[in-house]
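Encoded as structure tokens, the structure appears first; notes follow it.
Atom set for the values below is all heavy atoms of this structure, side chains included, hydrogens, waters and symmetry mates excluded. Position 1 is the first residue of the sequence, and the numbers go up from there.
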Amino acid sequence: MLSAKTLQFTPLVKSNAFTLPFQNTVPITAKFKLNTKRTCLKSSLHSLITPETNTKDSSTSAQTRVEILSEALPFIQKFRGKTIVVKYGGAAMKSEALQASVIADIVLLSCVGIRIVFVHGGGPEINQWLGKLNIQPNFLNGLRVTDASTMEIVSMVLVGKVNKHLVALINKAGATAVGLSGIDGRILTARPSPYSSQLGFVGEIASVDPTIIRPLVDNGHIPVIASVAADVEGQSYNINADTAAGELAAALGAEKLILLTDVAGILENREDMGSLVREIDIRGVKKMIEDGKIAGGMIPKVNCCVRSLAQGVKTTSIIDGRLKHSLLLEILTGEGAGTMITG
């Protein structure tokens, strides 16, 4: 199986020995499509794999690379043409090295025909800009208290800065990303939270319309969506990015929802990092919540996954975003990189 360690081999040499059957619905010639995919795959692999120097046995190294690709092939075949919604945040957003790893992963996945929808928040970046403007961030039960001035900063940072930065990184890595927010095309329509008197412009999702997303993924593009939405009157709201990703996954009929987090996944014993639960069903997670084994900030993430599964998403995963290439480990290996929750 692939592992974080085995991903450190040298880039593929220029060869026709490994060619995957790609799909592309863009009405262009077959020759152009093939060249585009080869360029995309080459770019993402070069950014993904660190070259080795002074290799004593290049033939052994080449054989190992071929074996790695061969082991990944069944997973590529399983997910090729399927939609996977990834929520990006936490440590993977704060570390430049982890950010580069995530970008390389989604570009590679896109290049082999997996339809990626990328949803992001940006809490640390928001806090940084609030600090520059001498505005103190306030939280209530883990939710950002968002008055009018804070909401303005949230929109500016998430939609204008973080979103476009991610789009630029993906484009540079060899794919084609399109930056959006929940406001664009009424992808997400918000309503005030029941606790709006305390939280301000923190919203819930009233409805989802994925109409403008479908042609983007159909044509091989990667939608990058900031978790800001507006109500029917046009008032902007700050939306929890996990919730936004979950509702989008359901509306798109996604094969999989992945939440990148700052923990290993769901632990049987929260004090024992070796007690990772690799796979569990809805009944199991509800029992763990009742028993107090799932608590705190993990509860809303698990509830987000359960709601997505109830609306037709095939599987959901809560994975360790601190682990380099965690997305590839989750999607292209049998081991995964966290906890998979099934219906």
Do any side-chain atoms of residues 152-163 form donor-acceptor pairs under 3.5 angstrom with protein atoms, and if so which ones, sequence neighbours left out?
{"from": "S155", "atom 1": "OG", "to": "M151", "atom 2": "O", "distance (Å)": "3.3"}
{"from": "K161", "atom 1": "NZ", "to": "E125", "atom 2": "OE2", "distance (Å)": "2.6"}
{"from": "N163", "atom 1": "ND2", "to": "H120", "atom 2": "NE2", "distance (Å)": "3.1"}
{"from": "N163", "atom 1": "ND2", "to": "L180", "atom 2": "O", "distance (Å)": "3.1"}
{"from": "N163", "atom 1": "ND2", "to": "V224", "atom 2": "O", "distance (Å)": "2.9"}

Donor-acceptor pairs under 3.5 Å, side chain of residues 126-138 to any protein atom, not counting sequence neighbours: which ones?
{"from": "N127", "atom 1": "OD1", "to": "R144", "atom 2": "NH1", "distance (Å)": "2.8"}
{"from": "N127", "atom 1": "OD1", "to": "R144", "atom 2": "NH2", "distance (Å)": "3.0"}

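Taken together through direct or relayed side-chain contacts under 4.5 Å among Ile, Leu, Val, Met, Phe, Trp and Tyr, M298 and L276 form parts of separate hydrophobic clusters. Residues I212 and I116 share a single hydrophobic cluster, defined by chaining ILVMFWY side chains whose heavy atoms lie under 4.5 Å apart. With hydrophobic clusters built from ILVMFWY side chains whose heavy atoms lie under 4.5 angstrom apart, V112 shares a cluster with L327. Linking ILVMFWY side-chain heavy atoms closer than 4.5 Å, directly or via other members, places V306 and L267 in two distinct hydrophobic clusters. Under the 4.5 Å side-chain heavy-atom criterion for Ile, Leu, Val, Met, Phe, Trp and Tyr, L98 and L328 are members of distinct hydrophobic clusters.
Atom NZ of K164 sits in a crowded spot, with more than 12 heavy atoms from other residues, nucleotides or ligands closer than 6.0 Å. Atom CZ of R186 has 12 or fewer heavy atoms from other residues, nucleotides or ligands within 6.0 Å.
At a threshold of 4.5 Å between non-hydrogen side-chain atoms, the residues V85 and V313 do not count as touching. A heavy-atom distance below 4.5 Å is found between the side chains of L252 and R214. Using a 4.5 Å heavy-atom cutoff, the side chains of T243 and I205 are in contact. In this structure, the side chains of L199 and T146 stay at 4.5 Å or more apart for every pair of heavy atoms. At a threshold of 4.5 Å between non-hydrogen side-chain atoms, the residues F201 and S236 do not count as touching. Side-chain atoms of K256 and M340, non-hydrogen and from C-beta on, do get closer than 4.5 Å to each other. With a 4.5 Å cut-off on side-chain heavy atoms, S101 and D105 count as touching. Counting heavy atoms from C-beta outward, L248 and L188 have side chains that approach closer than 4.5 Å.
Atom CD1 in I222 sits 8.5 Å away from atom CZ in F118 (nearest 0.5 Å). The distance from atom CG of N240 to atom NZ of K87, rounded to the nearest 0.5 Å, is 7.0 Å. Here the straight-line distance linking atom CG of D281 with atom CD1 of I341 works out to 9.5 Å at 0.5 Å rounding. To the nearest 0.5 Å, atoms CD1 (I318) and CD1 (I258) are separated by 11.5 Å. Atoms CG and CG, from L332 and L73 in turn, are 10.0 Å apart once rounded to the nearest 0.5 Å. Distance check: E268 CD to I280 CD1 gives 7.5 Å after rounding to the nearest 0.5 Å.
For Y88 and Q99, the side-chain atoms include at least one donor-acceptor pair closer than 3.5 Å.
Side-chain atoms of R270 come within 3.5 Å of backbone atoms of G292 as a donor-acceptor pair (strictly under, hydrogens ignored). One N or O on the side chain of R322 and one on the backbone of D262 form a donor-acceptor pair closer than 3.5 Å. In this structure, the side chain of S308 engages the main chain of G246 through a donor-acceptor pair within 3.5 Å. No side-chain donor-acceptor contact under 3.5 Å links D291 to the backbone of K293. Side chain of T339 to backbone of V277: a donor-acceptor contact under 3.5 angstrom is found. In this structure, the side chain of D320 does not engage the main chain of A337 through any donor-acceptor pair within 3.5 Å.
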Chi angles and distances behind the side chain to side chain contact (heavy atoms under 4.5 Å, CB included) call for I299, I294
CA-CA 6 Å; I299 291 178; I294 296 175; 4.0 Å; yes
The test is salt bridge (charged side-chain N to carboxylate O under 4.0 Å, His left out); show your working for R307 and E247 and say whether it passes.
CA-CA 8 Å; R307 179 173 170 82; E247 294 301 307; 2.5 Å; yes
Evaluation steps, side chain to side chain contact (heavy atoms under 4.5 Å, CB included), between C111 and V107:
CA-CA 6 Å; C111 286; V107 170; 4.1 Å; yes
